[in-house]
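In what follows, chains carry the letters A, B, and so on, assigned in the order in which the sequence lines appear, proteins first and then strands, with residues in each chain numbered from 1. Side chains included, hydrogens not; waters and symmetry mates left out as well; all remaining heavy atoms used.
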Protein chains: 2
Amino acid sequence: MNKRIADLNRYLADKGLKITRQREAVAQVFFDTDGHISAEELYVKVSRSYPGVGLTTVYRTLKLLKEAGLAKERRFAEDSQGVFEKEDTARHHDHLICIRCGKIVEFKEPLIEKLQDEVAQRHGFSVEDHKMELYGLCSSCRTA
Amino acid sequence: MNKRIADLNRYLADKGLKITRQREAVAQVFFDTDGHISAEELYVKVSRSYPGVGLTTVYRTLKLLKEAGLAKERRFAEDSQGVFEKEDTARHHDHLICIRCGKIVEFKEPLIEKLQDEVAQRHGFSVEDHKMELYGLCSSCRTA
DNA sequence: TGAGAACATGATAATCAATTTCAATTACCG
DNA sequence: CGGTAATTGAAATTGATTATCATGTTCTCA
Ligand SMILES: [Mn+2]
Ligand SMILES: [Mn+2]
Ligand SMILES: [Zn+2]
Ligand SMILES: [Zn+2]
């Protein structure tokens, strides 16, 4: 029924961890969410459908989802809270962020990623992951 | 004598702020430091030459240096503390970080920056700043 | 099926970098 | 110099995240 929930359950089983009501509730609401969401926001959202799930458990479940490769944490400049989004290595992307209105656009630029690998190689590094964020003004904010 | 201290003093005068012993001490030690340093580390270093300067003032002075365009704060993954380095727009660079030993290599790749601008433009954005960090394994850590 | 071991939960406390508060001190413009 | 606004540093506070711990649940295996 839900592939991602199945992936999570498989991960839990492999690690000798348990499938619980709370984990499924948090994961389900998270997987039904598009874009970026903080632990606090997810906690509020989960609480609507499944009251009684603690904020601590939301944090713990998000950490599990990261470990399982199902969620990715982002930490944009100026935001004190981390935000999470669904992870899918095939759908890797980076971010353009408007410093005035906060608008976020996701993009993918394979040519840049290729150059990143080359730069790294030149310095003897292999790249496992990268962070690239472009901060600027969106068209609305620029003309305003 | 010291161009950067002069720059700072000019900035302070412009803003109606005051030139103090403490600010000069913190700034001087910071400007004499190469690489990345945290507020705590800078505080310890300053305390050796100028005892009695508070940690709060170190934080406040670093914030001033950022505002004056003389320092840049970086927040690398896994580091809970921010680190600071001298800012010099002409000498902009990005970072390669070894996820095992923490080694940091600085690099500059104008071609990537050009592509970043193009991507942004394609989405109607103008780029004011960007963050690019490549995380991987350095040659020593890879062969070990 | 059920007992028990291991794991999970959630309220609360702790952490930790960074900021705020505030009374005392200092810079600097006349 | 004198007055005013800015600065300082110690201590308190903040805010996100993690640790603790007593209690509850899951799941294995006999
Ligand atoms: Mn995204
Ligand atoms: Mn650097
Ligand atoms: Zn905008
Ligand atoms: Zn290394």
Between [N] ([atom2]) and [X] ([atom1]): distance, integer Å:
{"X": "B:Leu8", "N": "D:dT7", "atom1": "CG", "atom2": "C1'", "result": "14 Å"}
{"X": "B:Gln81", "N": "D:dT17", "atom1": "CD", "atom2": "P", "result": "17 Å"}
{"X": "A:Lys63", "N": "D:dA16", "atom1": "NZ", "atom2": "C1'", "result": "13 Å"}
{"X": "B:Lys66", "N": "C:dA18", "atom1": "NZ", "atom2": "C1'", "result": "10 Å"}
{"X": "B:Arg75", "N": "C:dC16", "atom1": "CZ", "atom2": "P", "result": "16 Å"}

Pairs meeting criterion ring-ring contact (aromatic ring centres under 6.0 Å, His included) with involvement of residues 25-54 of chain B, two or more places apart: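 Applying ring-ring contact (aromatic ring centres under 6.0 Å, His included) to every pair that reaches into residues 25-54 of chain B, excluding sequence neighbours, yields B:His36-B:Phe76, B:His36-B:His95.
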**Message:** Main chain of B:Ala90, side chain of B:Asp88: is a donor-acceptor contact present, judged purely on distance under 3.5 Å?
**Reply:**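 Flag set: sc B:Asp88 to bb B:Ala90 pair under 3.5 Å.
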Give a yes or no on whether the backbone of B:Val83 and the side-chain of B:Arg74 come within a donor-acceptor separation of less than 3.5 Å.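 Such a contact is absent between B:Arg74 side chain and B:Val83 backbone.
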- Can you tell me if CD on A:Glu128 sees more than 12 non-hydrogen neighbours from other groups inside 6.0 Å?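 More than 12 within 6.0 Å, yes.
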Does anything in residues 43-61 of chain B reach DNA chain C, meaning a heavy atom under 4.0 Å, and if so which residues?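 When residues 43-61 of chain B is checked for heavy atoms under 4.0 Å from DNA chain C, the hits, listed by number, are B:Thr56, B:Tyr59, B:Arg60.
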Residues in contact with DNA chain C, drawn from residues 11-42 of chain B - heavy-atom cutoff 4.0 Å:
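Of all residues in residues 11-42 of chain B, the ones placing a heavy atom under 4.0 Å from DNA chain C are B:Lys18, B:Ile19, B:Arg21.
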Problem - Ion pair B:Arg10/B:Asp7, N-O distance below 4.0 Å - result: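 Counted as a salt bridge, because a side-chain N and a carboxylate O are separated by less than 4.0 Å.
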Worksheet item: Any salt bridge between A:Lys131 and A:Asp94, counting N to O under 4.0 Å?
Response: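 Looking at A:Asp94 together with A:Lys131, the answer is no, because their closest N to O distance does not fall below 4.0 Å.
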Notebook entry, point to check: Any idea which heavy atoms bring B:Tyr11 and B:Ala68 closest together, and the distance?
Noted result: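 Heavy-atom minimum between the residues: CG-CB, 3.6 Å.
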**Study point:** Evaluation steps, side-chain hydrogen bond (donor to acceptor under 3.5 Å, both in side chains), between B:Glu113 and B:His130
**Key:** CA-CA 9 Å; B:Glu113 317 239 326; B:His130 71 248; 3.2 Å; yes
